[in-house]
Amino acid sequence: MKRDQTALSRRYEIRHESLSPIETYAPQLLQEFLRDLNHAEDRATVWGLLEQLCADVGQSYILYGFAYMHGQQRAAYHSQSNLPKGWKEWVGSRPNLAEIDYGRHHSLEKLTAFAIGAEFIELYRRDGLLTPEYEEIILKASEIGLHSGLFIPLRSSRRDERGGFTIGGEMAEPEFRRFLDEHGWTISMAAVQTHNIYLGMLQREEAERFDLTQRQLEFLKLSANGYEVKEIAFNWGGLGAICHPCPPRTVRQVRGDVQNGGHGQSGAT
């Protein structure tokens, strides 16, 4: 399927530039997606690019979601998909969904992608991964044309954050394997880079919503990049950090202010 660059540019105001020769050694579809993603300014644009990519590779459905976990309990959750509303409501009404969803358990423990859908149901049975409740969900998905798909676990620099990206459609198992041979690299890289961009956008939106100070915003950025409290304290100490580092307790106070919605006494600009 030909990528409709004109429609994308008109709808999302994406700036396009040509790929240089050294950028042509990765799949063109992937490079075009990453180029456009780099210029996306909001989550609506990012989602539009994902939907276009889904169509470009001949699949019907995409689902992206992540959760912040407190132990084994989900503390906060965000998801977006183009699955039918009725299907999402039906799945959401399943009792004990977190316990019966194999994808959740897999992504908590592993980073390996795995196949989903009725086309692979015998493999689930063979490996003892299928409960009656999860089988019901798989077979119900077939009714909307989701026979095969790929689930890609996602992580971030935050220790307790877990997510996943799913893409799938009506392909039979042999055709789906050929699809992965052709587009697996593209889908995997797109999922990881989208996750990084999406999280950054959510953090900016939260900052604007709670009117965080410049110092609190800086903490969010450094924390999202994997810096620990002591590393942030060293960073904030500037050129004199070796002799006069910022006290870690100052960083912890800013962290507490952020967790309390931006309210506190440490919000220096």
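Numbers for residues simply follow the sequence, beginning at 1.
Across all non-hydrogen atoms, the minimal contact from L154 to G164 is CD1-C, 3.9 Å. When all heavy atoms of M171 and F179 are compared, the pair lying nearest together is SD-CB, 3.7 Å. Nearest heavy-atom pair across A40 and M201 is O-CE, 3.4 Å. Heavy-atom minimum distance, P84 versus Y61: CD-CE2, 3.9 Å. The nearest pair of heavy atoms linking Q31 to A26 is CD-CB, 3.7 Å.
Counting only heavy atoms from C-beta outward, the side chains of L83 and V91 never approach each other to under 4.5 Å. Contact check for L199 versus F66: side-chain heavy atoms found under the 4.5 Å cut-off. Annotation: side chain of L139 is in contact with side chain of I121 (closest heavy-atom distance under 4.5 Å). The shortest distance between side-chain heavy atoms of R94 and Y134 does not fall below 4.5 Å. Inter-residue side-chain proximity for L53 and I62 is flagged as unmet; no heavy-atom pair is nearer than 4.5 Å. Taking 4.5 Å as the limit, some side-chain heavy atom of W90 sits within range of a side-chain heavy atom of I137. Two residues are said to be in side-chain contact when any heavy atoms from C-beta on lie closer than 4.5 Å; F165 and L150 fail this criterion. Put simply, the side chain of I138 does not reach to within 4.5 Å of the side chain of I116, judged on heavy atoms.
Listed by first then second residue, pairs satisfying side-chain hydrogen bond (donor to acceptor under 3.5 Å, both in side chains) with a partner in residues 175-187 read E173-R177, not counting sequence neighbours. Applying the side-chain hydrogen bond (donor to acceptor under 3.5 Å, both in side chains) test to residues at least two apart or on different chains, the pairs with a partner in residues 107-117 are H106-T112.
Taking a 6.0 Å sphere around CD of Q80, one finds it holds more than 12 heavy atoms contributed by other residues, nucleotides or ligands.
H105 contributes a side-chain N or O that, together with a main-chain N or O of E99, makes up a donor-acceptor pair within less than 3.5 Å. Looking at D127, its side chain never comes within 3.5 Å of a backbone N or O of L129 through a donor-acceptor pair.
For the atom pair CD of E133 and CD of E136, the computed distance is 8.0 Å after rounding to the nearest 0.5 Å. Taken to the nearest 0.5 Å, the CG atom of L37 stands 11.5 Å off from the OH atom of Y198. To the nearest 0.5 Å, the span separating OG on S60 from CG on L146 amounts to 8.0 Å. In this structure, OH in Y124 is found 12.0 Å from CD in E135, a value given to the nearest 0.5 Å. In this structure, OG in S148 is found 5.5 Å from CZ in F120, a value given to the nearest 0.5 Å. Rounding to the nearest 0.5 Å gives a distance of 11.0 Å between CD of E119 and CD of E170.
Between Y102 and F114, the distance separating the two ring centers is shorter than 6.0 angstrom.
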Review item, side-chain donor-acceptor pairs of residues 187-195, under 3.5 Å, at least two apart:
from, atom 1, to, atom 2, distance (Å)
S188, OG, G184, O, 3.0
T194, OG1, A190, O, 2.7
H195, ND1, Y64, OH, 2.8
H195, NE2, R155, O, 3.4

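Put simply, the residue from D36, L34, I197 that forms a side chain to side chain contact (heavy atoms under 4.5 Å, CB included) with L49 is D36.
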